[in-house]
Number of protein chains: 2
Amino acid sequence: MTYTITEVAAKFGLSAYTIRYYDKAGILPFVRRNQAGNRQFDEVDVDWLRLVCCLKNTGMALKDIKAYSDLARQGSDTGAARQAMLRQHKQAVLQQIADLQANLELIETKIDFYADPQNKALMDHLKELEQQHRA
Amino acid sequence: MTYTITEVAAKFGLSAYTIRYYDKAGILPFVRRNQAGNRQFDEVDVDWLRLVCCLKNTGMALKDIKAYSDLARQGSDTGAARQAMLRQHKQAVLQQIADLQANLELIETKIDFYADPQNKALMDHLKELEQQHRA
DNA sequence: TTATCACTTAGAGTTAACTCTAAGTCAAGC
DNA sequence: GCTTGACTTAGAGTTAACTCTAAGTGATAA
């Protein structure tokens, strides 16, 4: 089973433009062409693109995904280097999650602040003071 | 206690350029100037910038932070609207965390794959087959 | 009082990641 | 045989978010 660029784009919620951009950028190392010169994606390519999207969606820059792809293109003896990149990226993702959770607390605190009628009254009062002060 | 733009920039790990850019963009509604025309940040401004950074770091676009700031500038009777924005953003952040955690699983699967010596041998074999196939 | 330094402005330049345009090719259907 | 439609290319254009430059101001130190 093979897929056209349009089918693959739809599968991953990307545009065909984006897929071609990724291919130009060198991060789709294995995609082949049919006799007409059109890109023909097989299961290996789809799996590869799934990982590319995963890395992109977790904040890896395309130039780093390119570096990872270059390792893959070089052959199976780069496995250790690729694993090292993924380990490092895993730590970055864990840090992102921790940062989001910390930021979430501030957002929740703000929401609670607006929800509290006592703070509402306080805010009205502060606002009056501020307006006087800043006038 | 007040702060200069350089002090505030350092406090939040931003450049002074970025702070001015935010001010130009209208997302620092309360910052005043001293007699020389220089920005003078008080505790209210620092607290505001902390929230701005929180929203930015959780993926809110500056135009949306601008919309939030415009509400704040309009006065305390926009509290409900601001709370609604924060509630919606909270959901977006929860979704981001869930997405990161899902992607993390794929990354971990890949790391484990590279770590398994059986897969290493399998990969070497597949690679040979692929090279023959793609030659 | 002259130099230095931190700030000011408007506006130009940069970067990443797309996003699209124009012109062309190829296979399928009428 | 001709049109239609999905693909191809190179390269230009877009957007968000900075990032910097140039020219100028005002307060402090030698």
Side-chain angles (χ1 to χ4, degrees), chain A residues 1-28 30-42 45-46 48-49 51-70 89 92 96 99 103, chain B residues 1-28 30-42 45-46 48-49 51-70 89 92 96 99 103:
Chain A
M1 184 57 188
T2 64
Y3 307 89
T4 67
I5 194 169
T6 308
E7 286 163 348
V8 170
K11 200 180 196 78
F12 289 102
L14 303 172
S15 70
Y17 297 139
T18 301
I19 307 273
R20 283 191 205 101
Y21 173 74
Y22 286 176
D23 197 8
K24 275 191 231 181
I27 67 180
L28 304 179
F30 307 125
V31 179
R32 302 208 289 157
R33 306 299 182 102
N34 64 15
Q35 69 288 352
N38 295 1
R39 288 173 190 81
Q40 187 172 279
F41 295 77
D42 60 22
D45 299 314
V46 168
W48 182 263
L49 195 50
L51 180 60
V52 166
C53 288
C54 170
L55 295 175
K56 188 200 67 164
N57 291 336
T58 51
M60 187 182 283
L62 288 189
K63 71 169 176 48
D64 293 328
I65 300 177
K66 170 69 161 56
Y68 184 87
S69 303
D70 286 345
H89 187 60
Q96 280 183 66
D99 290 349
N103 282 319
Chain B
M1 182 60 186
T2 64
Y3 307 89
T4 66
I5 193 169
T6 308
E7 286 163 348
V8 171
K11 202 180 193 78
F12 289 103
L14 303 172
S15 70
Y17 296 140
T18 302
I19 307 272
R20 282 190 209 102
Y21 174 73
Y22 287 175
D23 197 8
K24 273 191 232 182
I27 67 181
L28 304 178
F30 307 126
V31 179
R32 301 205 291 159
R33 306 300 181 102
N34 64 15
Q35 69 288 356
N38 294 2
R39 287 172 190 82
Q40 188 172 279
F41 295 78
D42 60 21
D45 298 314
V46 168
W48 182 262
L49 195 49
L51 180 61
V52 166
C53 287
C54 170
L55 295 175
K56 188 201 69 165
N57 291 336
T58 50
M60 188 183 283
L62 289 189
K63 71 169 179 46
D64 293 327
I65 300 177
K66 170 69 160 60
Y68 184 86
S69 304
D70 287 345
H89 187 60
Q96 280 182 67
D99 289 349
N103 281 320

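To find a chain, count down the sequence lines: A is the first, B the second, and so on, and within it residues start at 1.
Residues forming a side chain to side chain contact (heavy atoms under 4.5 Å, CB included) with B:Asn57 (at least two apart in sequence, or on another chain): A:Asn103, B:Cys53. In this view, B:Asp99 and B:Gln95 satisfy the side chain to side chain contact (heavy atoms under 4.5 Å, CB included) rule, not counting sequence neighbours. With sequence neighbours excluded, the residues satisfying side chain to side chain contact (heavy atoms under 4.5 Å, CB included) with B:Ala9 are B:Ile19. With sequence neighbours left out, the side chain to side chain donor-acceptor pair (under 3.5 Å) criterion links A:Tyr22 to no other residue. Every residue two or more places apart in sequence or in another chain was checked for a side chain to side chain contact (heavy atoms under 4.5 Å, CB included) with A:Ala25, and none qualifies. For B:Tyr3, the ring pair (Phe, Tyr, Trp, His ring centres under 6.0 Å) criterion is met by no residue, not counting sequence neighbours.
Across all strands, A:Ala25 comes closer than 4.0 Å to no nucleic acid atom at all (heavy-atom distances). Within the 4.0 angstrom heavy-atom criterion, base atoms lie near A:Lys24.
Evaluation of the salt bridge (Lys or Arg N to Asp or Glu O under 4.0 Å) test over residues 56-67 of chain B, restricted to residues two or more places apart or in two chains, returns B:Lys66-B:Asp70. Counting only residues at least two apart or on different chains, the side chain to side chain donor-acceptor pair (under 3.5 Å) pairs with a member in residues 7-18 of chain A are A:Ser15-A:Thr18.
From the 5' end on, the contacts that DNA chain D makes with chain A at under 4.0 Å to a non-hydrogen atom open and close at D:dC7 to D:dG11.
A heavy atom closer than 4.0 Å to some atom of DNA chain D occurs in B:Tyr17, B:Thr18, B:Tyr21, B:Tyr22, these being the qualifying members of residues 12-22 of chain B.
A heavy-atom distance below 4.5 Å is found between the side chains of A:Arg39 and A:Arg33.
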Polar atom pairs (N or O), protein with nucleotides 2-6 of chain C, under 3.5 Å:
none

Exercise for the section: For side-chain contact (heavy atoms from CB on, under 4.5 Å), just list the numbers for B:Phe12 and B:Val46, CA-CA rounded to whole Å, side-chain angles, deciding distance to a tenth of an Å, and then say yes or no. Expected result: CA-CA 9 Å; B:Phe12 289 103; B:Val46 168; 3.9 Å; yes

